[in-house]
Amino acid sequence: MNWKSTLENRDELLSFHQVTPHYTAGFAIGIIAVHLIYPKLPGNVANATTYPFPVLYKEVFFEIEELFEGSESIKNQVIEAAKYLEDQGVRAIIGACGYFAHFQEAVREAVNVPVFLSSLCQLPLIKTGISDKKKIAIFAASGDSINDELLSKIGTDSKRLLIQDIGHLESFAGIRYGSTEFDNKKLTEELTGVAEKLVSENNDIGAILLECSDLPPYARAIQAATGLPVFDFNTMIDMVYHSVVQKTYFGYF
């Protein structure tokens with residue numbers, strides 16, 4: 001196979017892929033984000049510079065506590081946001097908060113593209129990959145809101161999970177309750193301190209999952225502090241993107 005034939009094969013594949021035209025194109029990942037005003041660092045799901053590919057956002061308007069509890073009153077708004085993103089041509093839909101898991105089943109059945117509304121969707125995969133003797137620590141913005149009812153929406157349960165609430169941290173308050181500023185250095189220190197303490201007290205932790213879409217900027221620091229695999233929204237989004245936008249490989253043999 002030479003370079004010319006490789007390019008011809010690519011063009012042939014594109015010519016047979018039927019698409020609905022839009023006024024813009026190329027947004028493979030659509031993200032539903034709650035209207036919350038506070039600084040969003042690179043790495044945050046709601047910061048578009050996080051990704052090496054374009055993403056399309058759709059804003060929804062309700063109190064974050066309604067999402068934590070999975071209020072039925074907001075379900076239709078989430079579904080309509082997903083339908084909007086699908087209409088714009090996205091190939092997969094993400095939710096920018098772990099508690100969108102409440103609506104994973106409803107949204108999945110309402111659209112025709114893959115849906116991964118919560119970082120918690122990775123739990124079955126993580127459980128498959130680590131020993132049955134190991135636990136998964138979940139860093140959650142609202143620890144009390146993670147229960148078997150919520151987890152059943154993503155096909156798992158609370159077995160082998162160790163929930164660590166981080167919503168009470170003083171430095172997280174700017175994110176949790178909305179603020180125009182927060183102390184990023186202090187939050188990094190508090191999160192790594194919590195991680196170190198948790199692992200020192202539970203030597204059977206095999207992986208850490210960050211529920212909150214605001215936590216990926218701290219994933220590397222948490223991993224450095226614990227030496228453990230750390231999963232977050234962006235590990236999931238990267239995987240989903242590469243599944244819906246496969247690439248042509250170039251090289252030699």
Side-chain angles (χ1 to χ4, degrees), residues 36 38-47 50 64-65 67-69 96-101 118-151 154 156-179 181-238:
L36 296 170
Y38 56 84
K40 298 175 178 68
L41 303 180
N44 192 307
V45 176
N47 183 322
T50 295
I64 193 63
E65 284 76 16
L67 185 56
F68 289 167
E69 66 188 37
C97 175
Y99 297 96
F100 274 111
S118 171
S119 58
L120 300 174
C121 290
Q122 297 170 101
L123 277 172
L125 175 67
I126 302 170
K127 286 185 176 182
T128 299
I130 65 173
S131 169
D132 287 342
K133 301 173 185 176
K134 297 288 186 178
K135 293 178 181 176
I136 302 165
I138 299 180
F139 281 36
S142 177
D144 292 340
S145 301
I146 297 182
N147 52 42
D148 280 322
E149 180 182 0
L150 171 67
L151 294 169
I154 55 170
T156 190
D157 54 42
S158 58
K159 294 176 182 176
R160 298 170 58 200
L161 302 186
L162 183 59
I163 310 300
Q164 175 62 57
D165 183 84
I166 54 91
H168 70 281
L169 296 178
E170 180 181 354
S171 56
F172 192 72
I175 294 173
R176 175 69 174 79
Y177 300 104
S179 175
E181 61 182 29
F182 72 99
D183 189 334
N184 184 56
K185 182 175 183 293
K186 184 175 180 180
L187 180 54
T188 303
E189 292 171 347
E190 286 198 332
L191 286 170
T192 54
V194 168
E196 289 173 339
K197 184 175 186 291
L198 192 65
V199 170
S200 69
E201 294 175 350
N202 301 271
N203 58 13
D204 57 349
I205 295 176
I208 295 173
L209 172 60
L210 308 181
E211 166 276 317
C212 181
S213 60
D214 300 292
L215 292 182
Y218 311 99
R220 184 172 181 177
I222 291 171
Q223 184 170 74
T226 63
L228 291 172
V230 177
F231 297 82
D232 59 23
F233 260 100
N234 294 334
T235 59
M236 181 181 75
I237 292 172
D238 285 346

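The figures that follow rest on heavy atoms only: side chains count, while hydrogens, waters and symmetry mates do not. None of these values were measured; they are calculated from a predicted model.
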D214 and Y38: CA distance, side-chain angles, deciding distance, side-chain hydrogen bond (donor to acceptor under 3.5 Å, both in side chains) verdict: CA-CA 11 Å; D214 300 292; Y38 56 84; 2.5 Å; yes
List the steps, then state whether side-chain contact (heavy atoms from CB on, under 4.5 Å) holds for L123 with I138. CA-CA 10 Å; L123 277 172; I138 299 180; 4.1 Å; yes
With L41, which of L187, N47, T50, N184 fulfils side chain to side chain contact (heavy atoms under 4.5 Å, CB included)? N184
Does this structure show an ion pair linking R160 with D132, if we count only N-O contacts that are shorter than 4.0 Å? yes
Any ion pair linking K135 and D204 (charged N to carboxylate O, less than 4.0 Å)? yes
State, with a plain yes or no, whether a side-chain heavy atom of V194 is found less than 4.5 Å away from one of Q164. yes
Might you point out which heavy atoms bring G143 and D165 nearest each other, and give the distance in Å? N-OD1, 2.7 Å
Nearest heavy-atom approach of V45 to A96 is CG1-CB, 3.8 Å
Nearest heavy atoms of G98 and S118, plus distance in Å: O-OG, 2.6 Å
Just by modelled atom types, is the S142 backbone N or O under 3.5 Å from a matching donor or acceptor in the Y99 side chain? yes
Salt bridge or not for K127 and D157, using N-O below 4.0 Å? yes
What distance do I146 atom CD1 and L120 atom CG have between them, rounded to the nearest 0.5 Å? 5.0 Å
Quick check against the 3.5 Å criterion: does N234 have a side-chain atom that pairs as donor or acceptor with the backbone of P216? no
Checking side-chain polar atoms at under 3.5 Å, does T235 have a donor or acceptor matched by the opposite partner on Q122? yes
Would you say that F68 contacts L150 through its side chain, given a criterion of any heavy-atom pair below 4.5 Å between the two side chains? no
Is there side-chain contact between I175 and L36, with at least one heavy-atom pair below 4.5 Å? no
Hey, could you give me the CG/CZ distance between L209 and F139, rounded to the nearest 0.5 Å? 10.5 Å
Closest non-hydrogen atoms of P217 and N44, given as atom of the first, atom of the second and distance, are CG-N, 3.7 Å
To the nearest 0.5 Å, how far apart are CZ in F231 and CD1 in I136? 8.0 Å
If we ignore angles and hydrogens, is there a donor and acceptor under 3.5 Å between the side chains of S158 and D148? yes
Does a sphere of radius 6.0 Å around CD in E189 hold more than 12 heavy atoms from other residues, nucleotides or ligands, not counting ones at 6.0 Å or beyond? yes
Side-chain contact, heavy-atom cut-off 4.5 Å: L162 with I205? yes
Identify the two heavy atoms, one from T188 and one from A221, that lie closest to each other, and give their separation to 0.1 Å. CG2-CB, 4.0 Å
Rounded to the nearest 0.5 Å, what separation is found between the SG atom of C212 and the CZ atom of F233? 8.0 Å
Between N202 and L198, is any pair of side-chain heavy atoms under 4.5 Å apart? yes
Roughly how far, to the nearest 0.5 Å, is CZ of F182 from CD of E170? 14.0 Å
Could you measure the distance from the NZ atom of K134 to the CG atom of L228? Nearest 0.5 Å is fine. 8.0 Å
Filter on side-chain hydrogen bond (donor to acceptor under 3.5 Å, both in side chains), then keep only pairs touching residues 220-230, sequence neighbours left out; what's left? none
Looking only at non-hydrogen atoms, find the nearest pair between A207 and I126 and report the distance. CB-CG2, 3.9 Å
Check whether any side-chain heavy atom of E69 sits under 4.5 Å from a side-chain heavy atom of S145, and report yes or no. no
With a 3.5 Å cut-off and no angle check, do the side chains of E211 and S119 form a donor-acceptor pair? no
